[in-house]
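Quantities reported herein were computed from a predicted structural model and do not represent experimental measurements. The figures here come from the full heavy-atom set of this structure, side chains too, leaving out hydrogens, waters and symmetry mates.
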Amino acid sequence: MNIQKYFDPKRRFIGNYSLNDLRHIDYITINDDIPDQDIANIEHLKSGISISIKANYITQEEENKYYRNVKKILTKMLKYHKKYNLSIDVNNRELFRKSGILSIIPKNVEINIRNNEYIYTISDYLMEEEKLEKLIAPIREANLSPLEKYLAIYDIVKSFKPYKENNTDKRQSRDLRYILKDDNEYIVCVGFARLLLELLTRAGIPCKYIHVDVDSSREVDQTINHAGHARNLVKIDDDKYGVHGIYLSDSTFDSGVSQNTYIHSLLTFDRLKEAKKLEKLNDLDLLLDFHNLNEFEKKITYYLKKEDNELKGNVNSDLDLTKRIYKSLYLKIMEILLCINEPLFIKLYNEYNNDLYNNINDIDIKLLNEIISRFTTEYYRYIITVINKPIEMNTILTAATAAKKEISKIENEEFVTWLRKLIDDNLVAQKTMFPYVYNPNNDTEAYLEERKAKK
């Protein structure tokens, strides 16, 4: 072995960093796929150096691999009497919890955690984790079916605290790090949706945070005003109740300490379009709301036309425009699948990502048309089986009751009182919240025209 060559100060030891770099610089960034040999070279880092492990993961398996490498790095650092400052990226906090990293951090390593645009010290992160785990622990310990588990979490979120905005600092009512604090009284739709996402993720229920524009006008207004609103998309698979589908979940609309409703817990798009608060057409309507192949083709056509209008003027040719539109459609569908069906996401990613993303500019338009047709057909064959599958309110209330009985362990008399109020609240809400009739013949579901016709 050539000892002199091995210790050549210009040779790369960790990523693109040479031995000379490692001995003098105070900060380095390394990729999440750092090889074992580079990890072994951590011994050459100087004491006190700051290291950022850059995350490039998309799927949960890739994120788990990232955490496995972090554990290897921490194990290596434990061997040396040096101080290290390590920054890591955490997307799925439940995966991070299960990784075991929090229990093996050496005393000579100071860790900062980047999550949701915030940087946590380990002490702050652990305090937040304690509060989240306290909320989810009773559900983990109970013998609940997936639907019961979902409704138990939904109940926690909608009852978490009364809706209240902080106009001075809107983060106080939106971000987990604030709404979880005992001395913070603020929460709005974004906060409800983020808390629901976090707790459902911990329970293993697929969920996505989404943004919509809802009608914020009053009945006396002659015009319709829209305001931004947050809710969730959830995937429920429950053999006990025969529920297998994707639903819209709006814990904000069911929130309140004086009522106990689940009206907006599991909405289909059909049901939503009948609701009192009408919305602007959005991409989820186009890509998740149809009942047969004919409707799907109309929705896709409308999506492509919409993208054509939005992207026109930003490209050099019609061919470039078409390719950008196809890429947009591909990415939007994959964004949905990543959250609700990761195995299908991985399958379609492996089959289509090179053609519809990486190499799309090099592909002949005739062949590209065939590829996008195959891709959307595969998507349709799956998604038609899980959308607009209505759940009877009686099923929802039965599952919510079973969850309540299993978790709360309340006395019979108190339980009967609760159950009676549950039924009454939901019956009243059903009668007042759904006065509209869905018109399936309107290709784009122009809600505003439907609202004006009622005036």
Quick check, are the ring centers of Phe253 and His229 under 6.0 angstrom apart?
yes
Rounded to the nearest 0.5 Å, the CD1 atom of Ile363 sits from the CD1 atom of Ile372 at a distance of 10.0 Å
For residues Lys161 and Lys181, report the shortest heavy-atom separation together with the two atoms involved.
NZ-O, 3.9 Å
Flag, side chain of Asn85 to backbone of Ile111, donor-acceptor distance under 3.5 Å:
no
Name all residues meeting the salt bridge (charged side-chain N to carboxylate O under 4.0 Å, His left out) criterion together with Arg93; count only those two or more places apart in sequence or in a different chain, and write none if there are none.
Glu128, Glu129
Between Arg140 and Glu94, does the salt bridge (Lys or Arg N to Asp or Glu O under 4.0 Å) criterion hold? Intermediate values first, please.
CA-CA 13 Å; Arg140 280 208 181 105; Glu94 176 64 4; 2.9 Å; yes
Got a second to check how far Ile383's CD1 is from Tyr379's OH, nearest 0.5 Å?
4.0 Å
Could you grab the distance from atom CD1 of Ile39 to atom NZ of Lys71, nearest 0.5 Å is fine?
12.5 Å
Asn388 and Asp289 side chains, donor-acceptor separation under 3.5 Å
yes
d(Ile236 CD1, Glu148 CD) to nearest 0.5 Å is 11.5 Å
Going by an N to O cut-off under 4.0 Å, is there a salt bridge joining Glu62 and Lys65?
no
For Phe160 and Phe192: C-alpha separation, side-chain torsions, deciding distance, then whether ring pair (Phe, Tyr, Trp, His ring centres under 6.0 Å) applies.
CA-CA 8 Å; Phe160 190 65; Phe192 284 116; 8.0 Å; no
Residues Arg324, Glu307: salt bridge by 4.0 Å N-O rule
no
Applying salt bridge (Lys or Arg N to Asp or Glu O under 4.0 Å) to Asp32 and Lys54, what does each step give before you reach the verdict?
CA-CA 6 Å; Asp32 59 349; Lys54 185 179 179 182; over 6 Å; no
Using only atom types and a distance under 3.5 Å, with no angle test, would you say the side chain of Lys327 pairs donor to acceptor with the backbone of Leu356?
no
Checking side-chain polar atoms at under 3.5 Å, does Ser173 have a donor or acceptor matched by the opposite partner on Asn166?
no
Heavy-atom closest pair, residues Ile73 and Ile30
CD1-CD1, 4.1 Å
Asp254 and Tyr154 side chains, donor-acceptor separation under 3.5 Å:
yes
Taking NZ in Lys170 as the centre, count heavy atoms belonging to other residues, nucleotides or ligands within less than 6.0 Å. Is the count above 12?
yes
Looking just at side-chain N and O atoms, do Asn282 and His211 make a donor-acceptor pair shorter than 3.5 Å?
no
State whether Lys366 and Glu370 are salt-bridged, where the test is any N-O pair (Lys NZ or Arg NE/NH1/NH2 against Asp/Glu carboxylate O) under 4.0 Å.
no
d(Tyr352 OH, Asn358 CG) to nearest 0.5 Å is 15.5 Å
Backbone N/O of Asn92 and side chain of Glu63: donor-acceptor pair under 3.5 Å:
yes
Passes ring pair (Phe, Tyr, Trp, His ring centres under 6.0 Å), Phe96 versus Tyr125? Steps please.
CA-CA 12 Å; Phe96 182 56; Tyr125 188 85; 5.7 Å; yes
Using the salt bridge (Lys or Arg N to Asp or Glu O under 4.0 Å) rule, take Asp175 and Arg177 through it: C-alpha gap first, then chi angles, then the decisive distance, then the call.
CA-CA 5 Å; Asp175 296 351; Arg177 69 179 303 165; over 6 Å; no
Side chains of Ser265 and Tyr247, donor plus acceptor under 3.5 Å:
no
Would you tell me whether Glu297 and Tyr380 have side-chain atoms, one donor and one acceptor, within less than 3.5 Å of each other?
no
CD1-CD1 distance between Ile263 and Ile396, expressed to the nearest 0.5 angstrom
8.0 Å
So does Glu351 pair up with Arg374, basic N to acidic O under 4.0 Å?
no
State, without any angle test, whether Arg114 and Ser52 hold a side-chain donor-acceptor pair at a distance under 3.5 Å.
yes
After noting the C-alpha distance and the side-chain angles of Glu295 and Lys299, does the key distance pass the salt bridge (Lys or Arg N to Asp or Glu O under 4.0 Å) rule?
CA-CA 6 Å; Glu295 285 187 15; Lys299 291 294 182 74; 5.7 Å; no
Tell me, with the steps shown, if Ile340 and Ile336 meet side chain to side chain contact (heavy atoms under 4.5 Å, CB included).
CA-CA 7 Å; Ile340 62 175; Ile336 294 170; 3.6 Å; yes
With no hydrogens and no angle check, is any side-chain donor or acceptor of Lys46 less than 3.5 Å from a backbone partner on Leu22?
no
Distance-only donor-acceptor check, side chains Tyr330 and Asn353, under 3.5 Å:
yes
Within the distance-only criterion (no hydrogens, no angle test), does the side chain of Asn369 pair as donor or acceptor with the backbone N or O of Ile365 below 3.5 angstrom?
yes
Can you tell whether the side chains of Glu165 and Arg174 come within less than 4.0 Å, N to carboxylate O?
yes
Hits for ring pair (Phe, Tyr, Trp, His ring centres under 6.0 Å) against Tyr57, two or more places apart or cross-chain, chain-then-number order -> Tyr66
Report the residues that fulfil side chain to side chain contact (heavy atoms under 4.5 Å, CB included) with Lys305, sequence neighbours left out, ordered by chain and then residue number.
Thr301
